Number of protein chains: 2
Amino acid sequence: MSLRHAVLGLLSEGSASGYDLMKLFDLSLANVWPATQSQLYSELGKLAEAGLVDVTAEGPRGRKEYTITEKGLAELRHWLTEVPPARVLRSDMLLRVFFLGRVSPEEAKAYLSGQAELARKQLEHIESIRGLVENGTDNLSVYGRLVLEYGHRLARSQQEWAEWAQKQIG
Amino acid sequence: MSLRHAVLGLLSEGSASGYDLMKLFDLSLANVWPATQSQLYSELGKLAEAGLVDVTAEGPRGRKEYTITEKGLAELRHWLTEVPPARVLRSDMLLRVFFLGRVSPEEAKAYLSGQAELARKQLEHIESIRGLVENGTDNLSVYGRLVLEYGHRLARSQQEWAEWAQKQIG
DNA sequence: CAGCTCATGTAATGGGTTACATGATTTT
DNA sequence: AAAATCATGTAACCCATTACATGAGCTG
C-alpha cells in the first residue's frame, strides 16, 4: 500500500495533476517505487474519495489539480514516523545464483561477470546524474541525494560482490 | 514469473512434494523469493499442465511427488543463461527517505538510526547462520553461501549508509 | 484417543502491468 | 494542417497475500 504514500509525499511538496505526478514519478521515484499511469490515476481517485486529497482546480483538457489535505498530511507523517517499513527483497538476480550449479562453471561465471558489468554501468549512470542533482535545495533534492548515495553504495557493493563471487567458482 | 523458476530450480536438485517444497522455500529462498503455500500448490499445477514437471509418485494423504522433466530442465537453463534478470528494486524504506523533509529533523534522524539498528541486527543474524551453512557441499549450499555473502555485504552497506545519512541532516 | 504433523486445495481481495480508447490544445 | 504533447480514463490479466476448509496418518 505504498503507492498511496508516494503520491501523498509528492503532493506534500505542492499541488499537481495526475499527469504532472507521472512525470515526477519517472524522474525521481522511478528507481525506488515505479508506478504506471493507470495506477496513478486510479490511486488519485481513491485518495480523493478518502478525503486525503482534494481537487482544487480544473484546467484545460479535463486537467484536475490535486492538493493534499490536512488529513492527507497527517496520514503521510503517520506513515513516515510510525509504520515500520516492511522490506521484502525479491531479487530475480539472486534467485538465479542459487541455481547456478545447474549450468556449467563457465556459464555461471559468465552470469556473474555480466552482473558485475551491469553494476559498473549502474555506478557510472549514478555518477553522471549526481552532477545534475547536486544543486537544488528543495526537499526532494536534498533527501533525493541521500537516496542517490544509497544507490551508489549498493551498486558498488554489487559490483565487488559479483567479482568476488566469480572467483569462488571453479 | 520467477516463482515458476524457483520451483523448477528446487526440483532440479531432487523430486519433492508441494509440502516439501514449502519447507525448502522457507529455509533457503525465503529472503530472496518468498512464496506462500497457496501460490506453490497452484504453480505446481500449472507446471504439471505445461509438462515442465511430472507427478512421479503418490503417497499417503494424497501426497504427490513432483519430478522435473527434460523440458523443465531446459526451461530452467534457458532462464539461467539467456533471460536477462529484470531487477525492480521497490523499497518502502528508501521511499520514506524522499519525504523525510515533511517531519522534524529529530524524527528524520530517528528514522535513519532505526534503519541502522535494523541493518545491524540483520548483519548479526546473517553471521549467526553463516556458521550453520558453512559445511554442506550440495549445490544449494555452495551457491547459497554466495547469496548469504551478498546479504552480508548489503546489510553492512545499509548500516554504514544509514549512519552516514544521519550526519547529513541537521 | 488426543494432538501433532503431513498434505492438498479453494476463495476473496488487492496491487501491478499492459493495452486500449479518446480527445483537447499547443506547436511547428 | 499535421504532429507533438497534454490529459484522463477503462479493461483484462497475472501475481501475491490472507483466510478458510478439509482430512489422513503418525506418536505418545
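Since this is a predicted model, take the numbers as computed values, not measurements. Residue numbers begin at 1 in each chain, while the letters A, B, ... track the order of the sequences.
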Taking all atoms of both residues into account, what is the closest heavy-atom pair of Y66(A) and A48(A), and its distance?
-> CE2-CB, 4.5 Å
Separation of Q39(B) atom CD from dA7(C) atom C1', in whole Å?
-> 18 Å
Considering only heavy atoms and no angle criterion, is a donor-acceptor pair shorter than 3.5 Å present between the side chain of Q37(A) and the base of dT8(D)?
-> yes
Tested for side-chain hydrogen bond (donor to acceptor under 3.5 Å, both in side chains) against S15(A), the lone hit among T67(A), D20(A), T56(A) is T67(A)
D26(A) CG to dC6(D) P: how many Å, rounded?
-> 13 Å
Expressed in angstrom and rounded to an integer, what is the separation of Y19(A) atom OH from dC6(D) atom C1'?
-> 5 Å
Relative to the 5' end of DNA chain C, which residue comes earlier, K46(A) or S17(B), by the nucleotide with the nearest heavy atom?
-> S17(B)
What class does the angle between the rings of H5(A) and W79(A) fall in, given that below 30° is parallel, 30 to 60° is tilted and above 60° is perpendicular?
-> parallel
Looking for any heavy atom pair under 4.0 Å, which part of the strands does R4(A) touch: base, sugar-phosphate only, or nothing?
-> nothing
NZ of K23(A) versus C1' of dT5(D): gap in Å, rounded?
-> 9 Å
Y41(B) side chain near dT8(C) phosphate (N/O to OP1/OP2, under 4.0 Å) | yes
Measure the distance from CG on L40(B) to P on dC15(D) and round it to the nearest whole Å.
-> 14 Å
Ion pair present between R153(A) and E149(A), side-chain N to carboxylate O less than 4.0 angstrom?
-> yes
Which part of the nucleic acid, if any, lies within contact of M22(B), taking any heavy atom under 4.0 Å across all strands shown: a base, the sugar-phosphate backbone alone, or nothing?
-> nothing
Assign each of S38(B) and E43(B) to its nearest nucleotide of DNA chain D by heavy atoms, then name whichever residue's nucleotide is nearer the 5' end.
-> E43(B)
What is the distance, rounded to the nearest whole Å, between atom NE2 of H5(B) and atom C1' of dC15(D)?
-> 15 Å
Check the pair S12(B) / R102(A) against side chain to side chain donor-acceptor pair (under 3.5 Å), numbers first and verdict last.
-> CA-CA 8 Å; S12(B) 79; R102(A) 293 292 113 208; 3.2 Å; yes
Rounded to whole Å, CG of L24(B) lies from P of dA7(C) at a distance of 13 Å
dT10(C) base / S42(B) side chain donor-acceptor hit below 3.5 Å | no
Please determine if a side-chain N or O atom of R90(A) lies less than 4.0 Å away from the OP1 or OP2 oxygen of dT17(D).
-> yes
When rounded to whole Å, the CZ to C1' distance for the pair R61(A) and dT27(C) reads 11 Å
